[in-house]
Amino acid sequence: MSKGAKFAYRPIGLIGGILAGSLSGIAFKQIWKAVANEDDAPSALQSEYRMREVVLAAAIQGAIFAATKAAIDRAGARGFTKLTGSWPGD
């Protein structure tokens, strides 16, 4: 793929990353409410939670973000390919 096409894909990737962060945050909050029966997940600096709870919350949040980002990146790449005929990762 040409450098111009790679450059043209950058805004799509940037917007996809922002969208993935927003969507995964919403999904994580809903999942955490269902699993833990709490509105907010524990943060690392909250002393009332045990280490296990904090690490589990962070792991779930990271997995949701990674899966959401991969799905959005893949969809963006497929759309870009349909428009340009070039896969942005090649």
When you compare the side chain of [Y] with that of [X], does any pair of heavy atoms fall below 4.5 Å?
X	Y	value
E38	Y49	yes
T81	S86	no
L23	I72	yes

Inset, instruction - Determine yes or no for a side-chain-to-main-chain donor-acceptor pair under 3.5 angstrom, with E53 supplying the side chain and R50 the backbone. - result: yes
Could you give the distance from [atom1] ([X]) to [atom2] ([Y]), rounded to the nearest 0.5 Å?
X	Y	atom1	atom2	result
T68	I26	OG1	CD1	10.5 Å
Y9	I12	OH	CD1	6.5 Å
I60	I31	CD1	CD1	8.0 Å
D39	W32	CG	CH2	12.5 Å

Legend entry - Minimum heavy-atom distance between G21 and S24, given as atom pair plus value: O-OG, 3.2 Å
Legend entry - Nearest heavy-atom neighbours spanning I64 and A27: CG2-CB, 4.1 Å
Inset, instruction - Step through the shown structure and confirm whether more than 12 heavy atoms of other residues, nucleotides or ligands are within 6.0 Å of NZ on K69. - result: yes
Inset, instruction - Begin with the C-alpha distance, continue with both residues' side-chain angles, and end with the deciding distance and a verdict on side chain to side chain contact (heavy atoms under 4.5 Å, CB included) for W87 and R78. - result: CA-CA 7 Å; W87 187 261; R78 291 177 78 187; 3.9 Å; yes
